[in-house]
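All heavy atoms count here, side chains included; hydrogens, waters and symmetry mates do not.
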Amino acid sequence: MTTTTRQSVSTDLLGLPYRSQRSPVMAVNGVVATSQPLAAQAGLSMLQQGGSAVDAALATAIALTVVEPTSNGIGGDVFSLVWDGTTLHGLNGSGRAPAATTADAIRAAGHTEMPSKGWWPITVPGAPRAWADLHARFGKLPFEKLFEPAINYARHGYFVSPIISKLWESAATKGFAGLTAPEFKPWFDTYTFDGRAPRAGERWSSEGHASTLEQIAASKSKTFYEGDIARQIAAFAAQTGGPMTEADLAAHKSQWVEPIRTSYRGYEVCEIPPNGQGIAALMALNITEGFDMTKLSRESIEAYHLQIEALKLSLTDAIAYVGDMDHVDVPVKGLLDKEYASQRGSLIGERAIDPTVGKPKAGGTIYLCAADG
């Protein structure tokens with residue numbers, strides 16, 4: 001079984017790290033790969049205890065909310081692909097906007113476009129329910145066990161690594177800089193030392209984070225949507241002018257979806273359908289397939305140029321067309337059409353372009369991967 005999720009140091013079951021940037025990772029009984037070593041170890045420990053790849057992936061994702069908190073969190077979403085040996089399953093664990101988040105309400109608050117910070121862009125967090133849903137279908141170990149490494153890191157602390165400390169500092173000095181509204185204060189109280197991000201080598205812990213994870217584990221995530229945590233979220237929203245209510249949280253459900261697919265030089269490549277952005281990767285592959293990459297050195301300027309331009313074209317289309325498929329007619333078939341990819345690829349020349357949106361036929365985060373034996 002293999003599962004990938006967006007929420008890399010890699011380790012085999014003997015705990016031996018592979019750090020080569022060129023060599024493939026090889027292990028006999030399973031592997032976990034992600035961007036933070038402590039999280040990879042959390043997932044690996046589940047495999048060592050007889051857990052499935054999904055158990056390993058979930059333990060990794062939960063640990064990442066503690067050890068890489070500026071890139072993801074308990075309040076995030078999950079997009080997951082799970083190969084069970086015969087069938088590929090897709091889970092869209094993203095939440096919807098609160099019922100009170102309407103265009104009229106946003107305009108009434110003085111905005112002419114969707115703000116990027118504050119309560120208005122916030123959607124119902126989908127991660128905790130997705131954790132429970134994935135475990136219910138594919139897990140082997142007790143749900144509570146998947147939380148043990150993360151709770152230990154949060155309660156007893158861990159030494160912040162150099163790369164994470166830089167990301168943390170950027171969040172404190174850029175992402176949250178100058179944000180004085182009351183809804184931002186808990187972030188500074190929780191994730192900074194009097195406004196300062198932890199430095200590399202400093203020990204960081206959070207009893208509040210540990211306690212929250214314990215409640216989620218004990219209730220199989222129910223408390224986050226219909227219990228004490230849900231009531232606390234709704235109460236804080238009401239106190240700080242946010243639209244999130246208990247009803248919004250209680251209404252949330254994960255969605256099992258059929259993955260979307262394309263072929264690339266003999267390989268089938270799959271992603272979660274919109275509202276996820278994975279379709280952009282498939283579109284970029286379709287465009288790149290139109291060029292003979294074998295004639296170019298892998299690390300050459302020309303090879304990078306073609307791939308970057310393909311990504312620019314696909315992301316431009318994704319920004320224009322991708323949305324919630326319950327409310328937006330996303331032309332998935334047209335965007336993945338090989339002829340359309342050829343049309344888009346014809347725009348690529350020797351110089352970089354500023355791409356515009358195409359017309360298909362009608363029709364910033366973390367990543368982790370785990371595989372068991």
Worksheet item: Quick check: does any side chain N or O of Thr240 sit under 3.5 Å from a backbone N or O of Phe236, one acting as donor and the other as acceptor?
Response: yes
Worksheet entry | Main-chain N/O of Glu68 paired with Ser71 side-chain donor or acceptor, under 3.5 Å | no
Worksheet item: Any sub-3.5 Å donor-acceptor pair from Lys117's side-chain atoms to Gly175's backbone N or O?
Response: yes
Item to complete: Determine, step by step, whether Asn72 and Thr65 satisfy the side-chain hydrogen bond (donor to acceptor under 3.5 Å, both in side chains) criterion, reporting the C-alpha distance in whole Å, the side-chain angles of both residues, the deciding distance to 0.1 Å, and the verdict.
Response: CA-CA 6 Å; Asn72 74 118; Thr65 72; 5.6 Å; no
Worksheet item: Among all residues two or more places apart in sequence or in another chain, which pass the salt bridge (charged side-chain N to carboxylate O under 4.0 Å, His left out) test with Glu144?
Response: none
Worksheet item: Nearest heavy-atom pair of Ala318 and Ala280: which atoms, and what distance?
Response: CB-CB, 4.1 Å
Worksheet item: Just wondering, do Pro355 and Leu315 contact through their side chains at under 4.5 Å, heavy atoms?
Response: no
Discussion item. Test of understanding: with side-chain hydrogen bond (donor to acceptor under 3.5 Å, both in side chains), list the residues that count as partners of Gln239, not counting sequence neighbours.
Written reply: none
Fill in: Side-chain donor-acceptor pair present, Ser254, Asn92, cut-off under 3.5 Å
no
Discussion item. Applying a strict under-4.5 Å side-chain criterion to I, L, V, M, F, W and Y, I'd like to know whether Val269 and Leu311 cluster together.
Written reply: no
Worksheet, complete the sentence: Rounding to 0.5 Å, atoms CD1 (Ile229) and OG (Ser211) come to a distance of 7.5 Å
Discussion item. Looking at Lys185, I'd like to know if its NZ atom is crowded, meaning that more than 12 non-hydrogen atoms belonging to other residues, nucleotides or ligands lie closer than 6.0 Å.
Written reply: no
Response to the item:
Asp77 and Val124 have their tightest heavy-atom pair at OD1-O, 3.8 Å
Worksheet entry | Non-neighbouring partners of Tyr264 that pass side-chain hydrogen bond (donor to acceptor under 3.5 Å, both in side chains), sequence neighbours left out | none
Item to complete: Taking the side chain as every heavy atom from C-beta outward, state whether Thr112 and Ile106 have any pair of such atoms under 4.5 Å apart.
Response: no
Discussion item. Between Tyr321 and Leu335, is there a side-chain heavy-atom distance shorter than 4.5 Å?
Written reply: yes
Discussion item. Could you walk me through whether Glu289 and Lys338 satisfy the salt bridge (Lys or Arg N to Asp or Glu O under 4.0 Å) test, starting with their C-alpha distance in whole Å, then the side-chain angles of each, then the deciding distance to 0.1 Å, before giving a yes or no?
Written reply: CA-CA 9 Å; Glu289 191 177 35; Lys338 295 288 188 178; 2.7 Å; yes
Practice prompt. To the nearest 0.5 Å, tell me how far Phe193 CZ sits from Phe188 CZ.
Written response: 14.5 Å
Worksheet item: Between the main-chain N or O of Gln343 and the side-chain N or O of Ser346, is there a donor-acceptor pair closer than 3.5 Å?
Response: yes
Practice prompt. Report yes if the side chains of Thr316 and Thr356 come closer than 4.5 Å at any heavy-atom pair, otherwise no.
Written response: no
Discussion item. When you compare the side chain of Leu296 with that of Phe291, does any pair of heavy atoms fall below 4.5 Å?
Written reply: no
Worksheet item: Quick one: do Val332 and Ile319 end up in the same hydrophobic cluster if we chain Ile, Leu, Val, Met, Phe, Trp and Tyr together by side-chain heavy atoms under 4.5 Å apart?
Response: no
Fill in: Minimum-distance pair of heavy atoms, taken over all atoms of Thr60 and Ala40
CG2-N, 4.5 Å
Item to complete: Take Ser206 and Thr190 through the side-chain contact (heavy atoms from CB on, under 4.5 Å) test and state the conclusion after the steps.
Response: CA-CA 7 Å; Ser206 172; Thr190 302; 4.0 Å; yes
Response to the item:
To the nearest 0.5 Å, atom CD of Glu309 lies from atom CD1 of Ile287 at 10.0 Å
Please list every donor-acceptor pair under 3.5 Å in which a side-chain atom of residues 156-171 meets a protein atom from a residue at least two apart or in another chain.
residue : atom : partner : partner atom : Å
Tyr158  : OH   : Val66   : O            : 2.7
Ser165  : OG   : Pro162  : O            : 2.6
Trp168  : NE1  : Tyr191  : O            : 2.8

Worksheet item: Cation-pi between Arg199 and Trp204: NZ/CZ under 6.0 Å from ring centre and within 45° of the ring axis?
Response: no
Worksheet item: Is it true that the side chains of Thr102 and Asp104 contain a donor and an acceptor less than 3.5 Å apart?
Response: no
Worksheet item: In Å and rounded to the nearest 0.5 Å, what is the NZ to CD distance from Lys140 to Gln49?
Response: 13.5 Å
Fill in: Gln41 and Val32, any side-chain heavy atoms less than 4.5 Å apart
no
Discussion item. Using a strict threshold of under 4.0 Å (side-chain N to carboxylate O), is an ion pair present between Asp133 and Arg129?
Written reply: no
Contacts table for residues 146-153: side-chain donor-acceptor under 3.5 angstrom, sequence neighbours left out:
residue : atom : partner : partner atom : Å
Glu148  : OE1  : Lys145  : NZ           : 3.4
Tyr153  : OH   : Leu38   : O            : 2.9

Practice prompt. Flag yes if more than 12 heavy atoms outside Glu113 fall under 6.0 Å of its CD atom; otherwise flag no.
Written response: no
Worksheet item: Sub-3.5 Å donor-acceptor pair from the side chain of Thr288 to the main-chain atoms of Ala310, do we have one?
Response: no
Worksheet item: Is there side-chain contact between Ser314 and Asp317, with at least one heavy-atom pair below 4.5 Å?
Response: no
Discussion item. Tell me if the CZ atom of Arg107 is crowded by more than 12 foreign heavy atoms within 6.0 Å.
Written reply: no
Worksheet entry | Ile260 side, atom CD1; Leu282 side, atom CG - distance, nearest 0.5 Å | 5.0 Å
Discussion item. Evaluate Thr212 against His209 for side-chain contact (heavy atoms from CB on, under 4.5 Å), listing each step before the verdict.
Written reply: CA-CA 5 Å; Thr212 298; His209 201 130; 5.6 Å; no
Worksheet item: Below 4.0 angstrom, N of the basic side chain to O of the carboxylate: do Glu207 and Arg155 qualify?
Response: yes
Fill in: Minimum-distance pair of heavy atoms, taken over all atoms of Pro98 and Ile122
CD-O, 3.3 Å
Item to complete: Report the distance from atom CE of Met325 to atom CG of Asp329, rounding to the nearest 0.5 Å.
Response: 8.0 Å
Worksheet entry | salt bridge (Lys or Arg N to Asp or Glu O under 4.0 Å) between Asp248 and Arg96, worked out | CA-CA 8 Å; Asp248 293 320; Arg96 302 298 188 258; over 6 Å; no
Practice prompt. Check Asn286 against Ser263 and note the closest heavy-atom contact, atom names and distance.
Written response: OD1-O, 3.9 Å
Item to complete: Evaluate side-chain contact (heavy atoms from CB on, under 4.5 Å) for Asp372 paired with Asn29, printing each intermediate quantity in order.
Response: CA-CA 6 Å; Asp372 58 31; Asn29 296 311; over 6 Å; no
Item to complete: Show the numbers, then the answer: is there a side-chain contact (heavy atoms from CB on, under 4.5 Å) between Asp55 and Phe138?
Response: CA-CA 8 Å; Asp55 289 327; Phe138 300 108; over 6 Å; no
Worksheet item: More than 12 heavy atoms of other residues, nucleotides or ligands under 6.0 Å from CZ of Arg351: is that the case?
Response: no
Worksheet item: Members other than Tyr304 in its cluster, when Ile, Leu, Val, Met, Phe, Trp, Tyr link by side-chain heavy atoms under 4.5 Å?
Response: Ile308
Practice prompt. Using atom types as modelled and distance alone, determine if a side-chain donor or acceptor of His111 lies under 3.5 Å from a backbone N or O of Ala105.
Written response: no
Worksheet item: Which pair of heavy atoms, one from Trp120 and one from Pro115, lies closest together, and at what distance?
Response: CB-CG, 3.8 Å
Worksheet item: Are side-chain heavy atoms of Lys359 and Tyr340 found at a separation under 4.5 Å?
Response: no
Worksheet item: Is it true that atom NZ of Lys312 has more than 12 heavy atoms of other residues, nucleotides or ligands lying nearer than 6.0 Å?
Response: yes
Worksheet item: Are the side chain of Gln215 and the backbone N or O of Thr223 linked by a donor-acceptor pair below 3.5 Å?
Response: no
